[in-house]
**Q** 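Submitted below is the structure of interest, expressed as structure tokens.
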Amino acid sequence: MHEDERILRSGNLGKADRLVGVFRHFRLTILLTAITFVATPALGWAADAIFVVADTSDAAPLAIPSVAAEFGSLAEVSEAVEADRQRMTALEQRIQELETQKAAEPLPAPSAEAAKGAEATNPDKEPDKKDSQTDKDAKTDEKKPPEPYEIGSDTNLSSKWAAGYHAESKQKDFRIKIGGRTQVDAVAFTAGPGPGNQAPNKGGLDPALADTVAFRRARFRMEGRMYEFYDWAAEYDFVNQINVNNETYPTERDAGPLTAVTDLWLQLREIPILGTVRVGNQKDPFGYEHLTSSRWLNFMERSFSQDAFEGPFNNGFLPGIQILNSNEEGDIAWQVGEFKNTTNPFGFNNSSGGSMTVGRLVFLPVFEDEGRKLLHLAISGRTMEPRRQYTSFDNETGLPTGDPINAVRFRSRGSIRNGPPGPLNSIYADAGLLQGSWQNMIGLEFVGNNGPWSFQSEYFGSWLYNASTTSAGPLVTNGYQPAPGTKVGTVYFQSGYAEVLYFLTGESRTYSKIEYRFDRPVPHNNFYAVRGGGSGRRLSVSEGAWQLGVRYNYLCLSDGEVNGGVLNGCTLGLNWLLNPNARVYFNYDFTYRDFSSTPFKKQKDGSIVPGPSYDGSGCIHGFGTRLAFDF
């Protein structure tokens, strides 16, 4: 190591600067002296070999060798001065480089030998008590290395509030969150001729629209982590009114409330190659809005696609096993699972059919500032055997009669609901219960986020093969066209939506790379309005967060002979986020329903004949508001 580098690494930069100054002054003095003595022959002086710098009368003169003897001419002196100047310049550059290096890199701690050497150099210095204690601690650490931590040995939990009640151990291998969500709605409707004032057997809505105040969701949830690698969740909904018979022919007799299960699973994380494996009742990876939690939906209800394709009759939760993983950069993710195709919210199926394979592939070509700027592209698919279910039930007991068949019902309620989950909600479009041999579905996702702006859109398509109509339910129910038992081949239904939202107060959507969907939005300021103290009692107000949104919504359940209806809707929304856990929705929805009904009637001889056709097309206006909070 160079001497100047050694000085810098020892922290004596000031000493190095002073050394350069003294050295430069000393060299310049000697060189000037040399010039003087080299010039003496021209002046008639003699250049002595010894130059006297001090002389006293009491002692011998102090003399040093003269530098004049080293130079023969002024040219040699000039060359020596130039060489010296270059050396000084190089030394200054070296010092600057070492100073820059010192600022960029932390200085290493002095070794024990260097510390002992410093003490020997300055034996009179009293040892610092703090330094002595530090040395003792260092020696103790050297003698006793930290003991390895055994996962699961520390079960003491400390609690905190983080958008809900959390408790976790110091090593974070145990964690629990206790919470829930409550959503209460108030809605009102008006409708034109067709859907508004016609009976169900004449093309009207079934059941009819009604202004309602109801709890949309009331869930209690516990989730957590144990032994570092195991996660779990258990959630129950206490205002569900969906029963086991809700797909074929639900009536008010089947209304609850009936406690339903939503998330009820255990998962193991960080498995080599597989990633995370989740087993239990859960959302299958099909659809962006489907995977987004109802705690921070953009509008009061998801699109028509959720009801028709993504999560019909089971709240979107299915029993099964799923694998979630991504590449190291996190810009490509995949999810795949095997599920039981159920028609109820209890994770229940007692038939041999209904196996469903689901997969989703996600690509993030843009992901900046933790998701404040992102572009999300994804494709998902389902392939499944239609559920085996009964088509007739005893009117008194409600028990099924006859043999089950492989069938599926396509239907959708409105973008504003007039009741909790159950048979009391008006159905806007209904293709009836169709028998089929196999079903395939595809979903496309296109999502963007850029600061306060966000865009979300999806498209869905469904193919039902070897389809035929059935006689499930009363023959006057909307959508059972053509006559029961008619083979209609492959039936293709489709839907899609696109929505744009903007935060007036500058917030941005957050994004989760666990399931690759939007997460909880957090206002810059919570809402409050309080009076201050003093004589003026000035009112202090914070606005919370405000968000505007608009959505176009489309569903087509008509194909060939099957006439389930076509829906085109537009929803305007204003969301007021009081704080990260509470918000108020204000939604206005306009839906145009294109539907004509040709009910069939059973004659006395048992034959089925078509009745007159009715036009059930028309406009439906709905206004709704919701107070939603979770903890």
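Since we're looking at a predicted model, the values are computed, not measured.
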**Q** Can the ring centres of F309 and F493 be said to be less than 6.0 Å apart?
**A** no
**Q** Regarding R219 and T262, is there a side-chain donor-to-acceptor distance under 3.5 Å anywhere?
**A** no
**Q** Between S293 and K283, what is the shortest heavy-atom contact and its length?
**A** CA-NZ, 4.2 Å
**Q** Could you state the interatomic distance from NZ (K513) to CG (L374), rounded to the nearest 0.5 Å?
**A** 9.5 Å
**Q** Within the 3.5 Å criterion, strictly below it, is a donor on E289 or Q306 matched to an acceptor on the partner's side chain?
**A** no
**Q** So, R551 versus N587: side-chain donor-acceptor pair below 3.5 Å or not?
**A** no
**Q** When you check the side-chain N and O atoms of H376 and Y288, is any donor under 3.5 Å from an acceptor?
**A** no
**Q** Is a side-chain donor-acceptor pair under 3.5 Å present for N449 with S454?
**A** no
**Q** Assess whether a salt bridge exists between R626 and E301, defined as any Lys/Arg side-chain N lying under 4.0 Å from an Asp/Glu carboxylate O.
**A** yes
**Q** Taking the inter-plane angle between the rings of Y511 and Y516 on a 0 to 90° scale, is it parallel (under 30°), tilted (30 to 60°) or perpendicular (over 60°)?
**A** perpendicular
**Q** What heavy-atom pair brings Q282 and D263 nearest, and what distance separates the two atoms?
**A** CA-OD1, 4.1 Å
**Q** Run the side-chain hydrogen bond (donor to acceptor under 3.5 Å, both in side chains) test on N341 and E385 for me, step by step, so that the C-alpha distance in whole Å, both residues' side-chain angles and the decisive distance to 0.1 Å come before the verdict.
**A** CA-CA 8 Å; N341 193 0; E385 180 186 13; over 6 Å; no
**Q** List the steps and the verdict of salt bridge (charged side-chain N to carboxylate O under 4.0 Å, His left out) for D630 and R221.
**A** CA-CA 10 Å; D630 68 280; R221 181 182 183 90; over 6 Å; no
**Q** Taking the inter-plane angle between the rings of Y227 and Y230 on a 0 to 90° scale, is it parallel (under 30°), tilted (30 to 60°) or perpendicular (over 60°)?
**A** perpendicular
**Q** Going by heavy atoms in the side chains, are F348 and T342 under 4.5 Å from each other?
**A** no
**Q** State whether the number of non-hydrogen atoms from other residues, nucleotides or ligands found under 6.0 Å of F629 atom CZ is greater than 12.
**A** no
**Q** Within a 6.0 Å radius of atom CD1 on I514, are there more than 12 heavy atoms belonging to other residues, nucleotides or ligands?
**A** no
**Q** With a sphere of 6.0 Å drawn around NZ of K340, does it hold more than 12 non-hydrogen atoms of other residues, nucleotides or ligands?
**A** yes
**Q** Going by atom types alone, do Q171 and D173 pair a side-chain donor with an acceptor below 3.5 Å?
**A** no
**Q** If the threshold is 4.0 Å, N to carboxylate O, is there a salt bridge linking E515 and R278?
**A** yes
**Q** Check whether any side-chain heavy atom of M300 lies under 4.5 Å from a side-chain heavy atom of S415, and answer yes or no.
**A** no
**Q** Would you say the side chain of F460 lies within less than 4.5 Å of the side chain of F286, judging by non-hydrogen atoms?
**A** yes
**Q** Is E168 paired with R225 through a side-chain N to carboxylate O contact shorter than 4.0 Å?
**A** no
**Q** Should we say atom CD of E150 is surrounded by more than 12 heavy atoms from elsewhere, each under 6.0 Å from it?
**A** no
